[in-house]
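Data first, discussion second: the structure below is written as structure tokens.
Just so it is clear, the values below take in all heavy atoms, side chains as well, and ignore hydrogens, waters and symmetry mates. In what follows, chains are A, B, ... by sequence order, proteins preceding strands, each numbered from 1.
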2 protein chains.
Amino acid sequence: AESPNKDIIYSNRGMTLEEDLNETNQYYLTKGLAVIHKKPTPVQIVHVDYAKRSTAVIKEAYFRQASTTDYNGISNGKYIDFEAKETKSSTSFPLKNIHEHQIDHMKNVIKQNGIAFVIIRFSASEEIFLLEGERLFKFWDRMENGGRKSITKQELETYGHSIEIGWAPRIDYLKILRNLYSF
Amino acid sequence: AESPNKDIIYSNRGMTLEEDLNETNQYYLTKGLAVIHKKPTPVQIVHVDYAKRSTAVIKEAYFRQASTTDYNGISNGKYIDFEAKETKSSTSFPLKNIHEHQIDHMKNVIKQNGIAFVIIRFSASEEIFLLEGERLFKFWDRMENGGRKSITKQELETYGHSIEIGWAPRIDYLKILRNLYSF
Ligand SMILES: [Mg+2]
Ligand SMILES: [Mg+2]
């Protein structure tokens with residue numbers, strides 16, 4: 001099979017980061033490379049209508065805050081856990097997009113010898129970065145110590161790993177992890 | 001600290017298997033033994049009312065079928081993935097409680113060197129068994145080949161691992177896994 005023209009620059013054509021990652025994870029699953037899924041949105045269900053014989057209808061429910069990250073799974077024996085975030089800012093990623101309990105969760109994962117990270121997408125420029133948990137914690141601590149409340153794009157270029165959007169898989173984060181963690 | 005009287009037989013006092021497992025996982029988390037969470041119930045959200053300024057209210061939603069298992073996470077570098085099921089039957093566990101795509105998911109996990117299993121609770125007798133994925137698949141295949149559509153309790157006693165209900169943790173499945181998989 002011929003490889004696609006290297007000069008083609010893939011665009012996300014209005015797909016959200018979540019859609020791109022779901023496609024990527026589906027690709028990994030089909031190819032037997034990884035089993036990674038997005039967790040469902042946590043919802044507090046208050047009232048369900050069972051009147052219709054066939055289908056229960058949830059009539060009142062509320063969004064709950066997630067206690068963990070969005071995605072987790074396994075590849076070649078390695079536990080993988082990450083959060084995905086988009087920002088409209090063109091210059092920096094605001095840390096208010098991450099919750100403290102998600103930081104705690106990622107620390108717990110790393111203590112158990114898992115891989116934890118965040119994938120950040122700048123929607124205007126379509127640039128995507130993978131930032132390892134250990135690096136993220138440093139920027140988090142800087143904020144906690146009164147420093148800036150965001151990670152600049154330049155810092156992501158230095159301390160993170162740029163991911164080019166491709167055709168299949170669209171966001172090949174596994175390639176980066178395999179290099180970083182040798183698996 | 002004194003250990004609790006060994007003669008005490010803990011009862012689940014009306015707690016569901018899910019509640020017992022959530023308490024167990026919380027115990028593991030607090031003790032730094034594992035990071036394992038239940039995934040939220042998957043819900044298809046159709047209509048959300050944003051009228052109230054503070055809180056979005058989900059006004060119409062439907063339960064979706066889970067594409068994976070209920071619980072996953074990590075302990076000491078090992079990826080752990082399982083489904084938990086209760087049955088009111090006192091003699092056997094009906095395999096209709098498991099979906100084919102959950103079997104597929106567990107097979108995929110094992111191919112990636114993860115640990116996949118099911119925890120089965122007989123609610124009448126409060127007996128709990130851990131059955132490894134590899135064993136479950138054999139009973140599944142037996143059904144697919146026209147054999148019985150359930151796993152008898154006697155088979156679970158032979159091929160599974162009985163778990164005594166305790167105080168903390170309530171359902172110590174990690175102890176069994178550590179023995180089975182040496183971690
Ligand atoms: Mg999220
Ligand atoms: Mg379930």
Checklist entry - In terms of heavy-atom pairs under 4.5 Å, which option from A:Ser67, A:Ala66, A:Gly73 contacts chain B the most? => result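 So the answer, after comparing A:Ser67, A:Ala66, A:Gly73, is A:Gly73.
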Could you check whether any side-chain heavy atom of [X] comes within less than 4.5 Å of a side-chain heavy atom of [Y], counting everything from C-beta outward?
X	Y	answer
A:Val43	B:Thr41	no
B:Ile58	A:Glu60	no
B:Val48	A:Tyr62	no

Which atoms of [X] are under 4.5 Å from chain A, going by heavy atoms: the side chain, the backbone, both sets, or neither?
X	result
B:Leu29	side chain
B:Thr68	side chain
B:Ile115	neither

Checklist entry - Does A:Asn76 offer a backbone N or O that forms a donor-acceptor pair with the side chain of B:Gln112 under 3.5 Å? => result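 Yes; judged by distance alone, with no hydrogens or angles, the pair exists.
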Next on the checklist: For a quick test of reading the model, state the closest non-hydrogen atom pair linking B:Pro40 to A:Pro42 and the distance between them.
Outcome noted: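 Reported closest heavy-atom pair: CB-CA, 3.8 Å.
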Next on the checklist: Testing the basics here: between A:Asn113 and B:Ile74, what is the closest heavy-atom pair and its distance to 0.1 Å?
Outcome noted: C-CD1, 3.8 Å
Checklist entry - Step by step, would you call A:Phe63 with B:Ile45 a side chain to side chain contact (heavy atoms under 4.5 Å, CB included)? => result CA-CA 11 Å; A:Phe63 294 103; B:Ile45 297 166; 3.5 Å; yes
Checklist entry - When only pairs under 4.5 Å are counted, which of B:His105, B:Lys78, B:Arg64 shares the most heavy-atom pairs with chain A? => result B:His105
